[in-house]
Every structure is written in structure tokens, then in C-alpha cells.
Amino acid sequence: MNQKNRKIIIGHLYPDLLNLYGDRGNIACMMQRCKWRGIDAETIEFNTGDTIDFTKLDIVLLGGGSDREQAIVCRNLLEIQSEFKAYVEHNGVVIAVCGGYQLLGKYYKTDAGTIEGLNLVDIYTEQEEGRLIDNIVLESELVDMPVVGFENHGGRTYINDNKPFGRVLYGSGNDGKSGYEGVVYKNVIGTYLHGPLLPKNPQLCDYLLSKALERKYGSAELAPLDDSKEMQANEYIVKRFVKE
């Protein structure tokens, strides 16, 4: 299929609340990489009170926010949890970052109380003493190059028997102990990596776009792009924080 005949619709959930860490840059990256390839792309923002129709979406972004904002978002999403769950189970593409990652699970236990999760993935999060703050570098099976970003979280996420997003080469990851970061379930990626994540990791951006195109059109072919600048930035971070 001609790339110009394809269209991707991205749903950005609650940017009015989940907006702490510049994760809107992930939207900009996906949109731009589609534009460079001649693929039509549209982003629809869903703020508090808006109706979300997951059947119309190809990629969903859940960003990061404070515990208070997470609780508000979760109350909204719990009303349509079954629709969100159906989207996930039918291989809908989701990228959930930090607070959004924590919302995917069964619950997030904080000092102020327990936030009920969306129970989309069999994981849970518990707040523990101290925050895990640093640059982070991963090795992930999803891409050929290291994944780089920045983490800043007080919660420790436990992913049970699910597949991690990556193995930590530098940084703390899910809990500072397991050596793993994030979770992958079907076409869902949950991660603590900010930065924003996708501009620094073009292969990961293309992974998400490919999964969305494959689900919608049965074909995921993406024209190659010149990622030399992005790869230089990625390599700089890896060399700075990971010893040879």
C-alpha cells in the first residue's frame, strides 16, 4: 500500500493533567516521522470530561503527572475501563510514561492512600522511601540500539510474570533492584523514561508506528529516514553513562 494512502490517529489522553515531563514531545516525534514519510497523521487530545472512542484510535499516549492528577485521570478512565481493556486486548498500541505507566496496573499504593489502577496489565506499584532520579540506559529486545532517557519516580513497579521493556545498563529501572525497566504487554509499552522518550529513540518511535500500521492495514513497511543526528545524541548518552 502506498504510504500516502495510510493514516494514523493518535489519542493523547488528558494532557491537561498528565503534563509534567514534556511528554507532548512524544506526540510531536510520531507526527513528524509520519509527515516525513508522507503518512497522514492526526492527534486528538482528550481532556477531562471528553468522550473517548478507542475504536477510532491507532496509538494512545498516557503521560506523567502527580499523584493527585493520576487519581483524577484514573477515576475518569475507570468509567470506560472495559473499552480501554478491549482496545489493549485487540492489540491497540499504547505508550504509557511514568504516571501513565503506573495507571496501567492494579493499583498504586502511596503514603496518602491507594490509587486504583485500570488493571490493563498485571502489574502494581508501591511508593517507597526515596526517589529514583537519574539518566537511564536500557537494552531492549524491541530495537537494535540502546534506549536512553531520564527517570524520576518514587513508586516501585512490580511486573510479575510480564516481559520487561528492557534490561537496565545504567540507572534504577522499575524498582532499583530487579535490573529491569518498564513492561511490554501485547502492543502496550509502559516505562518510566522521560526525555521525552521518542525523539531520543527513533527506532522505538518507528516500532510503535509499525505496530499501529500493521494492526490497521496488515502492512507495516516504513520508508527509511536519516536518523544520523538522533543516533549521535543517543550514542553520546550511552558512552557517557555506560562503561565499555
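Scope of the values below: all heavy atoms of this structure, side chains included, with no hydrogens, waters or symmetry mates. Values in this document were obtained by computation on a predicted structure and should not be read as measured data.
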Student: Does E141 CD have over 12 foreign heavy atoms under 6.0 Å away?
Tutor: no

Student: Using a strict 4.0 Å threshold on nitrogen-to-oxygen distance, state whether R37 and D206 make a salt bridge.
Tutor: yes

Student: Within a strict 4.5 Å, meaning less than it, do heavy atoms of the V137 and I237 side chains meet?
Tutor: yes

Student: Evaluate the criterion side-chain contact (heavy atoms from CB on, under 4.5 Å) for residue pair I136 and Y170; output intermediate values, then yes/no.
Tutor: CA-CA 5 Å; I136 181 167; Y170 177 87; 5.6 Å; no

Student: Is a donor on one side and an acceptor on the other found under 3.5 Å between the side chain of Q203 and the backbone of D144?
Tutor: yes

Student: Determine whether more than 12 heavy atoms belonging to other residues, nucleotides or ligands lie under 6.0 Å from atom CZ of R131.
Tutor: yes

Student: Parallel, tilted or perpendicular: which describes the rings of Y101 and Y192, with under 30° parallel and over 60° perpendicular?
Tutor: perpendicular

Student: What is the distance from atom NZ of K239 to atom CG of N234, rounded to the nearest 0.5 Å?
Tutor: 11.5 Å

Student: Could you see if L204 belongs to whatever hydrophobic cluster contains M145? Use Ile, Leu, Val, Met, Phe, Trp, Tyr and a side-chain cutoff under 4.5 Å.
Tutor: no

Student: For a ring pair (Phe, Tyr, Trp, His ring centres under 6.0 Å) with Y158, tell me which candidate from Y108, Y180, Y124 qualifies.
Tutor: Y124

Student: Give the minimum heavy-atom separation between Y87 and V94, together with the two atoms involved.
Tutor: CE2-CG2, 3.6 Å

Student: Please identify which of these residues, T157, D175, N174, T110, meets the side-chain hydrogen bond (donor to acceptor under 3.5 Å, both in side chains) condition with T125.
Tutor: T157

